[in-house]
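Numbered from 1 within each chain, the chains take letters A, B, ... in sequence-line order.
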2 protein chains.
Amino acid sequence: MALEHAILVSLEERPGTGYELARRFGKSIGFFWAATHQQIYRTLKRMVGLGWVTGEEIAQDGRPDKRLYRVADAGRVEVARWLAEAGEPTTLRHELSVKVRGASLGDVAAVTAEVARHRDVHAQRLDAFLAIERRDFPDPTALAGQRLHQYLVLRGGVRAERALVEWCDEVLAAMREDDRR
Amino acid sequence: MALEHAILVSLEERPGTGYELARRFGKSIGFFWAATHQQIYRTLKRMVGLGWVTGEEIAQDGRPDKRLYRVADAGRVEVARWLAEAGEPTTLRHELSVKVRGASLGDVAAVTAEVARHRDVHAQRLDAFLAIERRDFPDPTALAGQRLHQYLVLRGGVRAERALVEWCDEVLAAMREDDRR
DNA sequence: TGGCCCATGTAAGCGGTTACATGATTGA
DNA sequence: TCAATCATGTAACCGCTTACATGGGCCA
């Protein structure tokens with residue numbers, strides 16, 4: 001499991017509330033590890049219990065109270081332990097591939113349309129990543145340390161989305177060609 | 001959820017026992033949708049309850065009895081329904097990216113080593129996919145229908161693994177360069 | 001003798017998803 | 001007036017992971 005660790009990494013970059021973390025997981029870190037607010041609140045509670053983070057209650061007026069979470073020493077130890085630990089390389093889990101594989105068991109044209117739809121979503125994500133890359137990392141050769149690491153993760157997103165777009169294009173070309181015959 | 005659907009697709013290609021399906025999910029279809037034998041047995045039971053598959057008990061001597069599963073009509077209807085249904089494009093969930101992003105919170109060299117290890121695993125998977133491609137699909141332009149669809153899914157695996165290998169190489173080059181400075 | 005193959009399962013626990021709930025402030 | 005934002009939560013359910021269990025046949 002890595003949600004705890006993703007939260008720890010994010011909180012070390014900057015302390016925040018559960019709500020704020022949920023928003024971060026809607027972008028940046030969330031591009032590589034998605035999580036909903038319910039998941040985050042529950043996990044934060046557990047992490048307080050483990051002593052990995054501390055939650056400081058902050059009263060606000062005109063707004064609901066909030067709890068600002070910070071990484072505690074035990075959390076820093078845990079991150080370091082996890083970073084050095086060997087993990088399983090990702091196994092793919094790609095529903096669309098299962099649909100393509102089974103396309104002839106139903107309406108092939110519907111599956112083709114679905115591939116086209118996914119293609120567009122991935123193309124949009126790719127554009128978004130490329131825009132961030134241009135805006136935040138105009139000179140990648142000058143990067144070092146944490147900034148370099150952030151850049152490299154973004155590069156992974158670019159590569160993944162590009163691969164997905166290109167695969168969808170290959171599938172569309174082949175299936176349309178097959179349909180024509 | 002798509003495990004049911006992956007099983008239906010696999011059983012339509014060829015009926016099989018839970019054990020056999022578990023082995024299929026250890027390769028071919030399993031490259032794109034992993035599942036353990038416990039998951040498969042439980043899901044098959046549920047699917048019998050739903051009327052999507054039938055399980056024929058077959059006594060064997062010298063070996064445990066087995067149950068041969070086949071897709072029922074209701075299962076065929078369900079596959080067709082699912083194929084035409086719009087699904088969410090994959091969101092990435094990549095633990096190694098989270099580690100790279102947090103590398104400076106621990107032993108950077110350990111994370112670099114982890115990336116190198118993953119690189120090798122992905123390179124091996126890529127080679128395995130390419131070997132299957134050469135062996136089973138020597139002339140892709142001649143493919144149609146179900147065989148074409150199988151080929152296209154394999155192409156997705158090739159593209160995904162290649163993208164991962166190349167990303168790992170980019171990360172390794174950049175992090176080693178950063179280390180040298 | 002030891003380990004792998006065939007073949008199926010139970011049980012416990014965890015993590016993730018979805019629905020529902022509250023309630024004030026701010027801006028269109 | 002309506003919707004969005006800030007901010008946190010409960011509850012139910014489902015799926016997935018891991019450990020444990022059984023037991024004969026086959027091959028080195």
Any salt bridge linking [X] with [Y]? Criterion: basic side-chain nitrogen under 4.0 Å from a carboxylate oxygen.
{"X": "B:Glu20", "Y": "B:Arg23", "result": "no"}
{"X": "B:Lys99", "Y": "B:Glu114", "result": "yes"}
{"X": "B:Arg76", "Y": "B:Asp73", "result": "yes"}
{"X": "A:Arg155", "Y": "A:Glu133", "result": "yes"}

Are [X] and [N] close enough that a side-chain N or O sits under 4.0 Å from OP1 or OP2?
{"X": "A:Thr17", "N": "D:dC6", "value": "no"}
{"X": "A:Tyr41", "N": "D:dT8", "value": "yes"}
{"X": "A:Arg23", "N": "D:dA7", "value": "no"}
{"X": "A:Tyr19", "N": "D:dT8", "value": "no"}
{"X": "A:Lys66", "N": "D:dG9", "value": "no"}

[N] [atom2] sits how many Å from [X] [atom1], rounded?
{"X": "A:His37", "N": "C:dG16", "atom1": "NE2", "atom2": "C1'", "value": "13 Å"}
{"X": "A:Leu50", "N": "C:dC14", "atom1": "CG", "atom2": "P", "value": "11 Å"}
{"X": "B:Ile7", "N": "D:dC16", "atom1": "CD1", "atom2": "C1'", "value": "13 Å"}
{"X": "A:Phe25", "N": "C:dG16", "atom1": "CZ", "atom2": "P", "value": "10 Å"}
{"X": "A:Ile58", "N": "D:dC6", "atom1": "CD1", "atom2": "C1'", "value": "14 Å"}
{"X": "A:Arg24", "N": "D:dA7", "atom1": "CZ", "atom2": "C1'", "value": "15 Å"}
{"X": "B:Ile40", "N": "C:dA7", "atom1": "CD1", "atom2": "P", "value": "14 Å"}
{"X": "A:Trp33", "N": "C:dT17", "atom1": "CH2", "atom2": "P", "value": "11 Å"}

Aromatic contact, A:Trp167 with A:His94 (centres under 6.0 Å)
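Between A:Trp167 and A:His94, the centre distance is under 6.0 Å.
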Could you check A:Lys45 against A:Asp65 and say which one's nearest nucleotide on DNA chain D is further toward the 5' end?
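Whichever sits nearer the 5' end wins; that is A:Asp65.
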Among the candidates D:dC16, D:dG9, C:dG15, find the nucleotide nearest to the side-chain atoms of B:Gln39.
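My answer, after comparing the listed nucleotides, is D:dC16.
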Base, sugar-phosphate alone, or nothing: which one does [X] contact when heavy atoms must sit under 4.0 Å apart?
{"X": "B:Gln60", "value": "sugar-phosphate"}
{"X": "A:Gln38", "value": "base"}
{"X": "B:Arg67", "value": "sugar-phosphate"}

Taking the nucleotide of DNA chain C with the nearest heavy atom to each, does B:Glu20 or B:Arg93 sit closer to the 5' end?
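In this pair, the answer is B:Glu20.
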Does A:Arg42 make a side-chain donor-acceptor contact with the base of C:dG16, cut-off 3.5 Å?
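Such a pair is found, so the answer is yes.
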